[in-house]
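Here's the structure we're looking at; comments come further down.
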Protein chains: 2
Amino acid sequence: MDLPNQSGFQSVIKARNLRMTNQRRQILQVLQESDEHLDAEAIYDRVRQKDARVSLATVYRSLTLFKNLGLVDERNLGEDYRRFETAQDEPHYHFTCLACRKVIEFNAPEIEQKIIPQIEAQGLKVTEAHLIVSGYCADCQRDQTRGKKHADTHLRIPNQTNLR
Amino acid sequence: MDLPNQSGFQSVIKARNLRMTNQRRQILQVLQESDEHLDAEAIYDRVRQKDARVSLATVYRSLTLFKNLGLVDERNLGEDYRRFETAQDEPHYHFTCLACRKVIEFNAPEIEQKIIPQIEAQGLKVTEAHLIVSGYCADCQRDQTRGKKHADTHLRIPNQTNLR
DNA sequence: ATCCCTATTGATAATTATTCTCATTATCAA
DNA sequence: TTGATAATGAGAATAATTATCAATAGGGAT
Ligand SMILES: [Mn+2]
Ligand SMILES: [Mn+2]
Ligand SMILES: [Zn+2]
Ligand SMILES: [Zn+2]
């Protein structure tokens, strides 16, 4: 079963005399099979389950490559680590629940149609735009039991107690 | 010479039986005197120049405190470190030049007036929203000599060569 | 199928922003 | 002035990401 742009992957790889490795295929496939926003570690975990002897360094290297090839987009959703998802045709933006970490995507055509044009009218050239919204999802507003479940990716337990 | 809300600072500090220390005064003052988006290290440098024997740990601790008190806002402008600025009355957003690192602020009332209300209409509670735009400023589009000057804060030289 | 060039990888050390630890100091109310 | 304890400084610890480098593997040419 081949995935959508596995072929587009091939062509863009060869065009730059890069090499089509198993690791790259696996890593890209994990991204394509997922509708979530995975971080490097989550991708690493999933790739190893499937089969390969892949190193975390290669995951990072491949993500950087895919990003530069336009196959994958990097997202910063207010965490201190980076998430990745396959590049979409339509731009979209992200809401993250501060309690359960669920990520909800949304469109905001005003950004592409009004805000960015206004910025570029001032002589700036825009290459990227991220609208990052955070708050509390409907479930977590209702529940007292906030932060119980952790949607959208695997759990990472931070350290900090510096909240005063 | 007292600064704007140094007094508001006093009251909010006392209200929570926190203590008004020299370090906190100095750090907050650096933020208030600057119209830039400083990172912890830049604040650290400026505070030491002024006078005090302040540790970097205290800068971080104070920034976290000020953020929680609503006196200071944290910004992530696409770098791998965090910037801070005094809390503004009006929301605003940020464009960063990828070449010279200059930061340009702009308003986007559509966000507060249309986009966020739409999100909240779906049952979500929004507590924060950042629109982070990057690209190239007018100067850097013109110049071939991109990346020469480094506006808005001190220089940090990264390591990476992983760009393929 | 074999050779060869070199892009890529795995393992692990290095880097670096931020947080933690804990003994010492300073704030402030009484 | 004193006492309780909030806050600090110094440096160790943490953790995500990147660099190093010898070994491996892709793929074009033969
Ligand atoms: Mn998304
Ligand atoms: Mn700003
Ligand atoms: Zn939630
Ligand atoms: Zn510029």
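Note that the coordinates shown come from a computational prediction; the quantities given were computed from them, not determined experimentally. In the text below, chain A, chain B and the rest are named by the order of the sequence lines, each starting its count at 1.
Listed candidates were C/dT18, C/dT8, D/dT20. Nearest to the side chain of B/Leu56 is C/dT18. For B/Arg24, the side-chain atoms get nearest to D/dA7 when compared with the rest of C/dA17, C/dT9, D/dA7. Side-chain proximity of A/Arg82 to C/dG10, D/dT17, C/dA17: nearest is D/dT17. Closest approach to the A/Ala57 side chain among D/dA19, C/dT6, C/dT21 is made by D/dA19 (side chain taken as heavy atoms from C-beta onward). Comparing D/dG9, C/dA17, D/dT17 against the side chain of A/Tyr81 picks out D/dT17 as the nearest. Here D/dA16 is the nucleotide among D/dA10, D/dT8, D/dA16 with the atom lying nearest to any side-chain atom of A/Tyr60.
Look at C/dA30: its Watson-Crick or wobble partner, with both distances under 3.5 angstrom, is D/dT1.
A straight line from CZ of A/Arg61 to C1' of C/dT12 spans 11 Å, rounded to a whole angstrom. As rounded to whole Å, 15 Å separates atom C1' of D/dG9 from atom CG of B/Asn22. A/Glu41 has its CD atom 9 Å from the P atom of D/dT17, to the nearest Å. Atom-to-atom, CZ of A/Arg19 to P of C/dT6 comes out at 9 Å; the value is rounded to the nearest Å.
Other residues, nucleotides and ligands contribute at most 12 non-hydrogen atoms within 6.0 Å of the NZ atom of B/Lys114. More than 12 heavy atoms of other residues, nucleotides or ligands sit less than 6.0 Å from atom CD of B/Gln88.
Between A/Arg53 and D/dT24, a side-chain N or O to OP1/OP2 separation shorter than 4.0 Å is absent. In this structure, A/Thr58 reaches the C/dG10 phosphate: one of its side-chain N or O atoms is under 4.0 Å from OP1 or OP2. The side chain of B/Thr21 places an N or O atom within less than 4.0 Å of a non-bridging phosphate oxygen (OP1 or OP2) of D/dT8.
B/Lys50 has a carboxylate O that lies under 4.0 Å from a charged side-chain N of B/Glu33, or vice versa, which qualifies the two as a salt bridge.
Heavy atoms of A/Gln23 sit under 4.0 angstrom from primed sugar atoms or phosphate atoms, though from no base atom.
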